[in-house]
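Notes follow the structure.
Given the structure is predicted, the values throughout are model-derived calculations rather than measurements.
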Amino acid sequence: MSQVSLSRSQLYELVWSEPLNKVAERLGTSGPRLSQICDAHAIARPEQGHWLRLEMGKPVTVRALEPAPIGVSDTISIGASKRRKVRASPEAGHGLSDAASMSKVPQRLVRPHPLVAEWIATREQQVRKKEQVYDHRLKRLIEPMPLTPADRRRLRVADSIFKAVEKQGMQVKKGDRGELLMVRGGERFTFQLRYRLKRGQRQLTPDELRWRGADAQKWVYELYETDALVFEIKIWLPRGTRTEWEDSKRATLEQQLDDIIAGIVAAFPALDQLRREREEERRRSEIAARERRERENARRLDAGRFRHLLELASAWREAELAWAFLAALRERLPPGSPPVAGVETADWLAWAERKADEHGRLGSDPGSILDSIAEVTVWTYPGE
């Protein structure tokens, strides 16, 4: 099938009209490859089980087409690739402009990328100083040596990757702690280009043996670099998004360069999707927490008001007991009883009745009872 060109919105409409494999067949490509193309161009795809749920009449979620991120073209070309001789991963070349396709690693560095030039200058300076430096990967002090063929190969591959991704609108820079970053818009991730490490034994030197003693073990385990060059995206991405490429019998890293660049390009829409999902999850969590707080405050307020009602009822019952006692006291006091503590008996009884009325409130000021219940807040009884 000849190459097909369409816009992001057209491809979006297609992938939401029928299952992805059917759309891929119509466009002359495969389902996995079309998935990578959608991810590289920030085109939302139906979730797994979408079409089955639709058939069963169950509700489904349809995600809108977001605006194209910076550096992502609105025009997409899809068709069978005839340019690869080395079999590589399905995502090869997806989402790449013509300028980045068929990227090659040169045999020698010419006008290296600023980061690569900085690495070369740093190594040369270390070699001139002849001072040991701590290698964080090998976890030991090493004596800097002039660049080896393996070092130069890694630098050439790094130079090619950096220049290719920057043509796609990304930036390659160092972070605050010296880590390598790929940056586009508000998204970023760390990455590594390194030789894979293995653990092996090393015989101790005579000096080390003297320092450790005659009975000490005569070898140690140490990490050392293998011949396998690895490019790794150092961040968690959704399942199915490739994050590591390595030299293999089938293809060297140089032969996988387009796959690596396509993987880097595809990582940014995946990161953007993860960020949106996390924001939505955080928003839902905040709503749920707010609703829990509101329910708890409503429960506390209701409990506090009822507690205050019981306190008023208890006071009224105590006042009733006081009224009954005063009535009985009045009957038993003989007429003309002498003053008590300089106060007439009638005044003592009037004082007691007034206090009983204030305590019970139902007789003296019944309207204030509902007002006092309404004034209760969630903080009136903190332990409720």
Query raised in the report: Got a second to check how far Met145's CE is from Arg123's CZ, nearest 0.5 Å?
Result: 9.5 Å
Query - Mutual orientation of the aromatic rings belonging to Phe162 and Phe191 [parallel < 30°, tilted 30-60°, perpendicular > 60°] - result: perpendicular
Query - For the student: nearest non-hydrogen atoms of Leu197 and Thr226, plus distance - result: C-CG2, 4.4 Å
Query raised in the report: Shortest non-hydrogen contact from Gly175 to Leu181?
Result: CA-CD1, 3.7 Å
Query raised in the report: Is the CZ atom of Arg317 crowded by more than 12 outside heavy atoms at less than 6.0 Å?
Result: no
Query raised in the report: Would you find a donor on one side and an acceptor on the other, under 3.5 Å apart, between the side chain of Gln10 and the backbone of Ser7?
Result: yes
Report task. Using a strict cut-off of less than 4.0 Å between a Lys/Arg side-chain nitrogen and an Asp/Glu carboxylate oxygen, indicate whether Arg275 and Asp272 qualify as a salt bridge. Result -> yes
Query - Nearest non-hydrogen partners of Ile161 and Met182, listed with the distance - result: CG2-CE, 4.1 Å
Requested in this report: Start with the C-alpha distance between Ile233 and Glu244, add both sets of side-chain angles, then the distance that settles side-chain contact (heavy atoms from CB on, under 4.5 Å), and finish with yes or no.
Outcome: CA-CA 6 Å; Ile233 294 175; Glu244 185 174 300; over 6 Å; no
Query - Arg196 and Glu246 ion-paired at < 4.0 Å - result: yes
Report task. In plain terms, say whether Glu254 and Lys104 are close enough for a salt bridge, that is, a side-chain N and a carboxylate O under 4.0 Å apart. Result -> no
Query raised in the report: Sub-3.5 Å donor-acceptor pair from the side chain of Ser285 to the main-chain atoms of Arg282, do we have one?
Result: no
Report task. First locate atom CG of Leu155, then atom NE2 of His113, and finally report the distance between them rounded to the nearest 0.5 Å. Result -> 13.0 Å
Query raised in the report: Can you check side-chain contact (heavy atoms from CB on, under 4.5 Å) on Glu232 and Thr243, steps first, answer last?
Result: CA-CA 6 Å; Glu232 182 181 11; Thr243 58; 5.6 Å; no
Query raised in the report: Do you know which two heavy atoms are closest between Thr345 and Pro338, and how far apart they sit?
Result: OG1-O, 3.6 Å
**Report entry** Side chain Arg300, main chain Val378, donor-acceptor under 3.5 Å
**Finding:** yes
Query - Flag, side chain of Asp159 to backbone of Pro112, donor-acceptor distance under 3.5 Å - result: no
Requested in this report: Run the salt-bridge test on Glu353 and Arg330 with the 4.0 Å N-O cut-off and return the result as yes or no.
Outcome: yes
Query raised in the report: Is there a side-chain contact between Arg184 and Pro269, using heavy atoms and a 4.5 Å cut-off?
Result: yes
Report summary line: When every non-hydrogen atom of Val340 is compared with those of Trp348, the smallest separation belongs to O-NE1, 3.0 Å
Query raised in the report: Nearest 0.5 Å, what's the CG-CZ distance between Leu271 and Phe189?
Result: 7.0 Å
Query raised in the report: With a cut-off of 6.0 Å (strictly less than), are more than 12 heavy atoms of other residues, nucleotides or ligands near CH2 of Trp119?
Result: yes
Report task. Using the rule that two of Ile, Leu, Val, Met, Phe, Trp, Tyr join whenever any of their side-chain heavy atoms come within less than 4.5 Å, decide whether Leu27 and Leu65 are in one cluster. Result -> yes
**Report entry** Residue Glu279 excluded, over 12 heavy atoms near CD under 6.0 Å
**Finding:** yes
Requested in this report: Mark yes when over 12 heavy atoms from residues, nucleotides or ligands other than Asp227 sit less than 6.0 Å from its CG; otherwise mark no.
Outcome: no
Query raised in the report: Between CD1 of Ile37 and OG1 of Thr29, what distance do you get to the nearest 0.5 Å?
Result: 5.0 Å
Requested in this report: Decide side chain to side chain donor-acceptor pair (under 3.5 Å) for Thr148 and Asp151; before the verdict, give the C-alpha distance in whole Å, the side-chain angles of both, and the deciding distance to 0.1 Å.
Outcome: CA-CA 5 Å; Thr148 65; Asp151 292 330; 3.1 Å; yes
Requested in this report: Mark yes or no for whether Ser314, through its side chain, and Leu310, through its backbone, hold a donor-acceptor pair below 3.5 Å.
Outcome: no
Query - Side-chain (Arg332) to main-chain (Ala328) donor-acceptor, under 3.5 angstrom - result: yes
Report summary line: The reported gap from CG in Leu11 to CZ in Arg45 (rounded to nearest 0.5 angstrom) is 10.5 Å
Requested in this report: Answer yes or no: is there a side-chain heavy-atom contact under 4.5 Å between Val265 and Asp39?
Outcome: no
Query - Donor-acceptor contact below 3.5 Å, side chain Thr380 vs main chain Val376 - result: no
Query raised in the report: Hey, any chance Trp323 and Leu329 share a hydrophobic cluster, counting ILVMFWY side chains that come within less than 4.5 Å of each other, even indirectly?
Result: no
Report summary line: Closest non-hydrogen atoms of Ala322 and Ala356, given as atom of the first, atom of the second and distance, are CB-CB, 3.9 Å
Query - Expected output: side-chain Ser368 to main-chain Asp371 donor-acceptor under 3.5 Å - result: no
Query raised in the report: So do the side chains of Val230 and Trp245 get within less than 4.5 Å of each other, counting heavy atoms only?
Result: no
Report task. List the steps and the verdict of side-chain contact (heavy atoms from CB on, under 4.5 Å) for Leu180 and Thr190. Result -> CA-CA 5 Å; Leu180 292 172; Thr190 59; over 6 Å; no
Requested in this report: Decide whether Trp379 and Leu301 are clustered together by the hydrophobic rule: side chain heavy atoms of Ile, Leu, Val, Met, Phe, Trp, Tyr closer than 4.5 Å, transitively.
Outcome: yes
Query raised in the report: Between the side chain of Arg8 and the main-chain N/O of His41, is any donor-acceptor distance below 3.5 Å?
Result: yes
Requested in this report: Could you give me the CA-CA distance, side-chain angles and deciding distance for His308 and Ser372, then say whether side chain to side chain donor-acceptor pair (under 3.5 Å) is met?
Outcome: CA-CA 8 Å; His308 188 55; Ser372 67; 3.2 Å; yes
Requested in this report: Can you sort out the partners of Glu280 under side chain to side chain contact (heavy atoms under 4.5 Å, CB included), two or more places apart, ordered by chain and number?
Outcome: Arg283, Arg284
Requested in this report: Linking directly or through intermediates, with side-chain heavy atoms under 4.5 Å: list the remaining ILVMFWY members grouped with Val72, chain and number order.
Outcome: none
Query raised in the report: Is the shortest side-chain N to carboxylate O distance from Arg63 to Glu47 below 4.0 Å?
Result: no
Query raised in the report: Roughly how far apart are Ile78 CD1 and Ser5 OG, rounded to 0.5 Å?
Result: 8.5 Å
Query raised in the report: Backbone N or O of Trp316 within a donor-acceptor pair of the Glu318 side chain at under 3.5 Å?
Result: no
Query raised in the report: side-chain contact (heavy atoms from CB on, under 4.5 Å) between Ile287 and Arg290: does it pass, once the steps are laid out?
Result: CA-CA 5 Å; Ile287 291 173; Arg290 184 169 64 249; 3.6 Å; yes
**Report entry** Cluster check Leu237, Ile260: I/L/V/M/F/W/Y, side chain < 4.5 angstrom
**Finding:** yes
Report task. Kindly say whether the aromatic ring centers of Trp16 and His50 come within a distance under 6.0 Å. Result -> yes
